Amino acid sequence: MVPPLARTPEEWTEVVSGLGGRAFHGKQVFRWIQARSVLEAEKMSDLPAPLRASLADLGPGARANVTHERVAADGTRKLLLTLHDGATIETVLIPGVSGRKGDLPNPVNGSFDDADASVADDDEEEDETPGEARSAEEGARGANALRTGTTAEDTDYVRVTQCISTQVGCAMGCVFCASGVAGLKRHLGPDEIVAQVLVGRARLPEGQRLRNVVYMGMGEPLANYDATARSLRLLTHPDGIGLSARRVTVSTSGLVPQIAQLGKDFGGNIGLAISLHAADDEARTRLMPINKKYPLDALMRALRAYPLPRRRRITIEYTLVAGKNDSLQDARKLTRLLRGLPVKVNLIPMNPISDAALSAPDMGSVLAFQRVLCDAGYSCFIRRRRGDDVSAACGQLALLGAKAKVRVNRA
Ligand code: SAH
Ligand code: SF4
């Protein structure tokens with residue numbers, strides 16, 4: 001059975017019909033949960049009392065308790081969530097710039113930007129959404145804004161990007177990644193993926209608004225395709241959280257068949273980020289074992305076939321690891337590999353993990369690498385990881401949590 005947090009309005013209609021409710025009550029339940037983060041049936045005030053009682057008897061939705069919350073100096077909020085079976089995952093809320101036009105960063109010199117916040121928030125691309133809805137009422141206002149262009153609301157809040165997880169750990173084994181080193185514990189259900197957004201959104205301080213969601217936390221989203229796809233449908237449902245599909249980005253290490261599936265299932269509307277990290281098979285396989293199964297040739301073909309809407313681009317993530325993929329020759333290879341593809345490139349100096357043999361290049365090498373890409377005509381940004389003082393690099397807080405537990409057990 002589909003868990004409550006992962007049900008579509010149609011599935012809720014079926015459930016409430018079975019409980020003696022009317023068809024439209026299904027949509028109401030969906031709205032309470034997804035648009036207003038109200039999970040307790042007794043609080044769903046526009047439902048008839050007997051239906052509320054029957055729904056309450058069905059039991060709670062996915063349990064995702066915040067067991068750690070850290071706010072970095074730059075406002076990045078990192079939540080550690082403990083799931084029903086004790087597994088821990090993380091989600092990060094990254095405040096970006098205020099919606100006021102004058103406050104936007106200048107990407108020309110300011111080629112340093114938020115690694116996660118910026119991936120789905122490309123100001124060079126046409127903005128077709130008026131901001132996301134927190135409630136059904138705001139959803140209606142959002143629809144008005146669509147018609148009228150913009151509202152005061154658009155400009156008076158800080159846009160937040162949330163980074164969410166799709167698995168507990170990851171099986172892909174990328175050598176520079178904390179989640180990869182930890183290995184896969186289990187997939188997340190669609191309800192657990194959506195729960196991160198419901199919990200995260202509920203914690204946003206006044207003046208902040210959820211704007212983008214990036215699937216860049218723990219795990220490989222496309223290795224958990226069905227749950228990821230369902231969560232995408234839920235997050236972008238207009239009666240729910242109502243995110244614009246173009247403001248939701250799935251990041252993948254390059255699972256070729258699932259990239260095609262994602263393109264087919266969502267018509268290319270979901271943002272796509274590819275963790276490339278190397279421009280030749282030998283170097284990439286050393287960093288990312290998945291490259292053996294889906295080498296660059298196959299991956300590039302999948303990217304060319306992705307049904308990208310006009311004016312949209314694929315984000316290429318390139319984590320720079322000293323001595324492994326950061327030479328000028330690597331940069332030149334990258335320019336050749338990407339030729340003709342609508343892409344923007346994010347260079348991310350590697351965040352330290354416990355493997356001391358791997359480290360970020362010095363800033364001079366990073367800038368020189370960027371220069372090669374810029375000179376070849378690519379949009380290329382150096383992204384800093386936000387919230388360094390709270391271990392905001394993906395996988396790190398959950399790993400800290402795991403270590404803390406080990407220590408407690410030993411004490
Ligand atoms: N599994 C997916 C999404 C999660 S990882 C993927 O690999 O795309 C999100 C991004 O963080 C990926 O681009 C990944 O390569 C990058 N990343 C992982 N560990 C990192 C580290 N230590 N330093 C910098 N980037 C890292
Ligand atoms: Fe998994 Fe992505 Fe980390 Fe690779 S980079 S191990 S695919 S989470």
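Counting starts at 1 for both ligands and their atoms, in listed order. Since the structure is predicted, the reported quantities are computational estimates derived from the model, not experimental observations.
Distances shorter than 4.0 angstrom occur between a heavy atom of G219 and an atom of ligand 1. Taking 4.0 Å as the cut-off, G217 counts as a neighbour of ligand 1 on heavy-atom distance.
Within the 4.0 Å heavy-atom criterion, the part of H277 lying near ligand 1 is the side chain and not the backbone. Under 4.0 Å from ligand 1, the heavy atoms of T252 that appear belong solely to its backbone.
Partners of D46 under the salt bridge (charged side-chain N to carboxylate O under 4.0 Å, His left out) rule, at least two apart in sequence or in another chain, do not exist in this structure.
A side-chain N or O of T252 and one of E220 form a donor-acceptor pair less than 3.5 Å apart. A donor atom on one side chain and an acceptor atom on the other are found under 3.5 Å apart for R201 and S37. Side-chain polar atoms of T76 and D74 form a donor-acceptor pair below 3.5 angstrom. Side-chain polar atoms of Y225 and D265 form a donor-acceptor pair below 3.5 angstrom.
Under the 30°/60° scheme for interplanar angles, the aromatic rings of Y318 and H277 are found to stand perpendicular.
When each of L308, I274, L276 is checked for a side-chain contact (heavy atoms from CB on, under 4.5 Å) with L303, only I274 meets the rule.
A distance-only check finds no donor-acceptor pair linking the side chain of N325 to the backbone of A283 [under 3.5 Å]. Judged purely by atom type and a 3.5 angstrom limit, Q162 uses its side chain to pair as donor or acceptor with the backbone of Q196.
Atoms of ligand 1 found under 4.0 Å from any heavy atom of C177, numbered from 1 in the order shown, are 18 (C), 19 (N). Counting the atoms of ligand 1 from 1 in the order shown, those under 4.0 Å from a heavy atom of N351 are 21 (C), 22 (N), 23 (N), 24 (C). Listed by number with element, the atoms of ligand 1 under 4.0 Å from a non-hydrogen atom of E317 are 10 (C), 12 (C), 13 (O).
A salt bridge links D297 and R301; the closest N-O separation between the charged side-chain nitrogens and carboxylate oxygens is under 4.0 Å.
Protein N/O/S atoms closer than 2.8 Å to atom 4 (Fe) of ligand 2: C174 SG.
Heavy-atom neighbours of R186 CZ from other residues, nucleotides or ligands within 6.0 Å: above the threshold of 12.
Not a single N or O atom of Y215, backbone or side chain, sits closer than 3.5 Å to an N or O atom of ligand 1.
Heavy-atom proximity to atom 8 (O) of ligand 1, evaluated over S275, S179, A273, is greatest for S275. The heavy atom nearest to atom 2 (C) of ligand 1, out of those in S251, G180, C170, is found in S251.
The closest protein non-hydrogen atom to atom 2 (Fe) of ligand 2 is G219 O, 4.5 Å.
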